[in-house]
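The structure under discussion appears below in the form of structure tokens.
These numbers were taken from a predicted model, which means no experiment stands behind them. When a ligand or atom number is given, it counts from 1 through the structure's own listing order. For reference, positions follow the sequence shown, starting with 1.
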Amino acid sequence: MKTRKQILITFEGGEGSGKTTQSKLLAIYLKQKGFDVLVLREPGGCPITEKIRNILLSPDNFKLTSLSELFLYEASRAQLTAEIILPALEAGKIVICDRFTDATIAYQGWGRKLPTAQIEMLNDLACYNLKPAITFYLDIDPQEGLKRAKGLADKPYGLAGDRIEAQNLTFHKNVRNGYLDLCKQYRQRIKQIAADKNIDEIQKIIQAYTDETLAQIEG
Ligand code: TMP
């Protein structure tokens, strides 16, 4: 197995953007190249945080306030980072995470209208200041994305979707604007890719950027 300096790769996007598929394909690509790769998701990724995920996504919890929601996402992140991500990076694995800190800025900051400056502080605290080496943002029109997401076979919460998917279109449009703003702020780190291309075409772009980033890190 090849080992590398600490490399965290994150995937972001609205509902139905295809980021989960793309993150798994990238893991296969990197494993074929001889890297030790760990794929995780947020919220979730280990037993404690999967329980937090259930609280966050269950439509039964419609009384959850925006602030409680924010702290639960950060709690999940703090646990996953300390228990799984940091030890994996330390062991030389490449960690691919399906969503990370940018999601909280987009969803809780732009979607729920909570103050982004304070969210940034909580993000840093929860992830021990860990920064992704590269982030792929798969951009999709929210109407199209929600249609795609609701048509997926694996629907644990039924056709209306989970508690976040079930938010109105304005919420999802605000989330997208949040992501687009982050792309502008962090042009170097975040690679914006239109999600309406076919799966292989998108994956090729992701692989090229990943190769470039790995080469830069290796020096
Ligand atoms: P997923 O559907 O990509 O697995 O993500 C779960 C949901 O949680 C998705 O609707 C986005 C949302 N989310 C936030 O609202 N804030 C966050 O910080 C994260 C990580 C996810």
Side-chain angles (χ1 to χ4, degrees), residues 8-24 26 39-46 48-59 61-62 64-81 84-85 95-116 118-127 130 132 135-140 142-143 145-179 182 190 195:
L8 170 67
I9 299 173
T10 61
F11 280 79
E12 299 283 356
E15 314 302 324
S17 61
K19 64 187 170 40
T20 304
T21 305
Q22 292 297 339
S23 57
K24 288 180 182 159
L26 181 64
V39 185
L40 298 167
R41 68 173 179 182
E42 260 215 74
C46 62
I48 294 173
T49 55
E50 286 295 327
K51 285 184 192 161
I52 299 175
R53 180 183 177 93
N54 287 338
I55 297 173
L56 279 163
L57 298 187
S58 169
N61 295 330
F62 59 89
L64 200 65
T65 68
S66 298
L67 204 51
S68 309
E69 178 182 290
L70 169 66
F71 285 119
L72 285 170
Y73 278 111
E74 298 295 2
S76 173
R77 178 164 303 133
Q79 184 65 33
L80 186 71
T81 305
I84 310 282
I85 300 179
V95 176
I96 298 179
C97 202
D98 183 347
R99 295 196 188 281
F100 200 55
T101 44
D102 297 314
T104 321
I105 301 287
Y107 280 83
Q108 281 63 53
W110 288 66
R112 298 291 190 214
K113 307 286 180 205
L114 294 174
T116 51
Q118 280 162 308
I119 297 176
E120 274 170 27
M121 283 165 51
L122 290 173
N123 276 348
D124 287 345
L125 190 65
C127 74
L130 182 64
T135 297
F136 296 106
Y137 166 62
L138 300 185
D139 183 49
I140 190 162
Q143 218 158 357
L146 286 166
K147 219 190 305 165
R148 274 204 210 174
K150 289 178 182 179
L152 292 176
D154 171 27
K155 294 303 298 169
Y157 298 107
L159 289 182
D162 62 40
R163 200 179 57 83
I164 304 285
E165 284 170 346
Q167 299 301 308
N168 65 27
L169 190 58
T170 306
F171 172 88
H172 290 286
K173 285 182 174 168
N174 289 337
V175 169
R176 185 192 196 186
N177 287 335
Y179 273 126
L182 284 165
I190 308 180

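For atom 18 (O) of ligand 1, the closest non-hydrogen atom on the protein side is Thr104 OG1, 2.7 Å. When only non-hydrogen protein atoms are considered, atom 5 (O) of ligand 1 lies nearest to Arg99 NE, 3.1 Å. From the protein, the heavy atom lying nearest to atom 21 (C) of ligand 1 is Tyr73 CE2, 3.3 Å.
Contact annotation: Arg53 has at least one heavy atom less than 4.0 Å from an atom of ligand 1. For Arg41, the closest heavy-atom approach to ligand 1 does not fall below 4.0 Å. In this structure, Glu42 has a heavy atom closer than 4.0 Å to ligand 1. For the ligand labelled ligand 1, residue Arg77 lies inside the 4.0 Å heavy-atom shell.
Separation of atoms CD1 (Ile55) and CZ (Arg163) is listed at 10.5 Å; rounding is to 0.5 Å.
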Handout entry: Trace of the side-chain hydrogen bond (donor to acceptor under 3.5 Å, both in side chains) decision for Tyr179 with Glu12
Key = CA-CA 8 Å; Tyr179 273 126; Glu12 299 283 356; 2.6 Å; yes
Handout entry: Intermediate values then yes/no, side chain to side chain contact (heavy atoms under 4.5 Å, CB included), Thr135 and Phe100
Key = CA-CA 9 Å; Thr135 297; Phe100 200 55; over 6 Å; no
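In this structure, the side chain of Arg148 engages the main chain of Gly16 through a donor-acceptor pair within 3.5 Å. Checking side-chain atoms of Arg99 against main-chain N and O of Gly13 turns up a donor-acceptor pair under 3.5 Å.
For ligand 1, the atoms closer than 4.0 angstrom to any heavy atom of Gln108 are 14 (C), 15 (O), 16 (N), 17 (C), 18 (O). The distance from ligand 1 to the heavy atoms of Ile164 drops below 4.0 Å at these ligand atoms: 10 (O). Ligand 1 places these atoms under 4.0 Å from at least one heavy atom of Glu15: 9 (C), 10 (O).
Phe11 places none of its side-chain heavy atoms less than 4.5 Å from the side chain of Thr20. Looking at heavy atoms from C-beta onward, Ile164 lies in side-chain contact with Tyr107 at the 4.5 angstrom threshold.
With a 4.0 Å heavy-atom cut-off, ligand 1 is reached by the side chain of Leu57 but not by its N, CA, C or O.
Partners of Glu74 according to the side-chain contact (heavy atoms from CB on, under 4.5 Å) rule, which considers only residues two or more places apart in sequence or in another chain, are Leu70, Arg77, Thr104, Ile119, Leu122, Asn123, Ala126.
Here's the thing with Asp98: none of its N/O atoms is less than 3.5 angstrom from an N/O atom of ligand 1.
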